[in-house]
There are 2 protein chains.
Amino acid sequence: MDAVVPTHLNARKRPRQARAAVTLDAIFEATIQLLLSDGPERLTTTRVAERAGVSVGTMYQYFPHKQALIYALNGRYLDKVAQDVEAVCRAQHGAPVAEMVDALVGAYWKAKTARSDVTRALYRSAVELDTESLIESFGRRVDAATSAMFESAADARFADLAIVNTTVLTAIFGTVRSAFERNLQAPLMCGVHKQLVVMCLAYLEAVRLPATADMRAGAQT
Amino acid sequence: MDAVVPTHLNARKRPRQARAAVTLDAIFEATIQLLLSDGPERLTTTRVAERAGVSVGTMYQYFPHKQALIYALNGRYLDKVAQDVEAVCRAQHGAPVAEMVDALVGAYWKAKTARSDVTRALYRSAVELDTESLIESFGRRVDAATSAMFESAADARFADLAIVNTTVLTAIFGTVRSAFERNLQAPLMCGVHKQLVVMCLAYLEAVRLPATADMRAGAQT
DNA sequence: GGAGGATATGAAGGATTCTTCAGCTTGAGG
DNA sequence: CCTCAAGCTGAAGAATCCTTCATATCCTCC
């Protein structure tokens, strides 16, 4: 997530001692908790500090202002999700499309549901500020990873991979988000997850090019 | 959207004279514009009033507080979208699945892109408050409409329509939202739209039950 | 034309919030 | 043990913001 970070959102300084790192974590955790319990509207610097068990001034030693805090929180999170996705893409390089999709959706879903509270809190916080740069950066990163993966598929080729890839990603991101937003109950949630895999697969099957000779021969590149 | 409206969000009074209606529209419009230009963070009652060319007190004659204003704005909008979708569902009653999907996605996409600025503004504002009741209500309404539509399909039946329907809707809602959020350029945007139809169709094709005798005979109910 | 309700005004009160800074505490290295 | 940088504190200033209400203006209908 180290791309085009609006300068005014830079962190103020990095922790050098152990206790500072602890403090920083406490601040992040407090932010998440407050975001969850009271919503972004009531997220104030004072409350964050209080919840984190530190003083307001302490927070201002690490962040120039409130927005920078939220920005950093989102960056941290998106970075982790992106890493997970990238790992999956590497692992599935050269695999059949079916496995790719299953793994991709699974990874993204897992990353989002692992701490669904955090996910929800961040979905809410993100609106407060210019997260576009973060999202865009995240999008590009994942785009590249999945693109490379699909390109290496053992059993399929696509005419216009760019649009196909974007579509699949947009659908996955969106469906997950939408599912969260509609607050679907566990069983429905789980059902939608499985159906999402089916849907992506059906789509890719529909738009793939007819098999070529080398693919039928089982070539891996 | 007339379901479980949190009482504290009720409008204060309805306009009875023509000029009052004009004022109200101006307030709504001003809210949208400010949401767009400055984001929800900087949406203040004073600014809304100023932009609308009225006094702050005027707004407080129609809304008990700021939240009620945003709530009403969202309600208004979702209601319109729901109406559009319901109309399409009625029109496509008994049609082939392919046409249904095309019409459904088209209608939703159109409703969202007709004034994409407004859509974006509301996507941003909605997080500020308890819009869950609105979204849930909207979801149920659309769910019912599309469910009834798909059930009447001339050329397909589904084993578990509930989950299939939810999946399709979640995917459509989400994909549209995601496309907006990622701020895709026009061509990509258009591409995703078309691909979304392909995707939904491919999915429905994959999960439909094998054709029955009466369907092959062309029965419509 | 005039009475009374519907609308509109906008200064001011009350409540928060963000951010700073001068001074204090803690920890690490010599 | 001592020194100095790193880390922490929290009262207070400055800036908004939300909301009210007493007052003024506009419509409508008799």
N/O-N/O pairs, protein side and nucleotides 23-28 of chain C side, under 3.5 Å:
| unit_1 | atom_1 | unit_2 | atom_2 | d |
| --- | --- | --- | --- | --- |
| C/dT26 | O2 | A/R19 | NH2 | 3.4 |

query = Can you check whether A/F173 and A/Y108 have ring centres sitting under 6.0 Å from each other?
reply = yes
Taken to the nearest whole Å, CZ/B/F63 to C1'/C/dT7 is 15 Å
Rounded to whole Å, CE of B/M59 lies from P of C/dT7 at a distance of 16 Å
Taken to the nearest whole Å, CG/B/D38 to C1'/D/dT16 is 15 Å
Against the side chain of B/Y60, the closest entry in D/dT20, C/dA8, C/dT19 is D/dT20
### Task
Validate the cation-pi geometry between A/R120 and A/F180: distance from NZ or CZ to the six-membered ring centre under 6.0 Å, angle to the ring axis within 45°.
no
When rounded to whole Å, the CD to C1' distance for the pair B/E50 and C/dA8 reads 16 Å
**Asked** Within the structure shown, what part of the strands sits under 4.0 Å from A/L69 by heavy-atom distance: base, sugar-phosphate, or nothing?
**Response** nothing
From NZ of B/K66 across to P of D/dT16 the rounded distance in Å is 15 Å
With the side chain defined as heavy atoms from C-beta on, A/S55 is closest, among C/dT9, D/dT9, D/dC8, to D/dT9
Practice prompt. Describe the nucleic acid contact of B/T44 in one word from base, sugar-phosphate, nothing, applying a heavy-atom distance below 4.0 Å.
Written response: sugar-phosphate
From CG of B/L24 across to P of C/dT7 the rounded distance in Å is 10 Å
Against the side chain of B/V56, the closest entry in D/dT19, C/dT19, D/dA6 is D/dT19
Measuring to OP1 and OP2 of D/dC18, would you say a side-chain N or O of B/T45 lies under 4.0 angstrom away?
yes
B/Y62 OH to C/dA8 C1', in whole Å, measures 8 Å
From the candidates C/dA8, C/dT17, D/dT19, the one with an atom nearest any side-chain atom of A/R47 is C/dT17
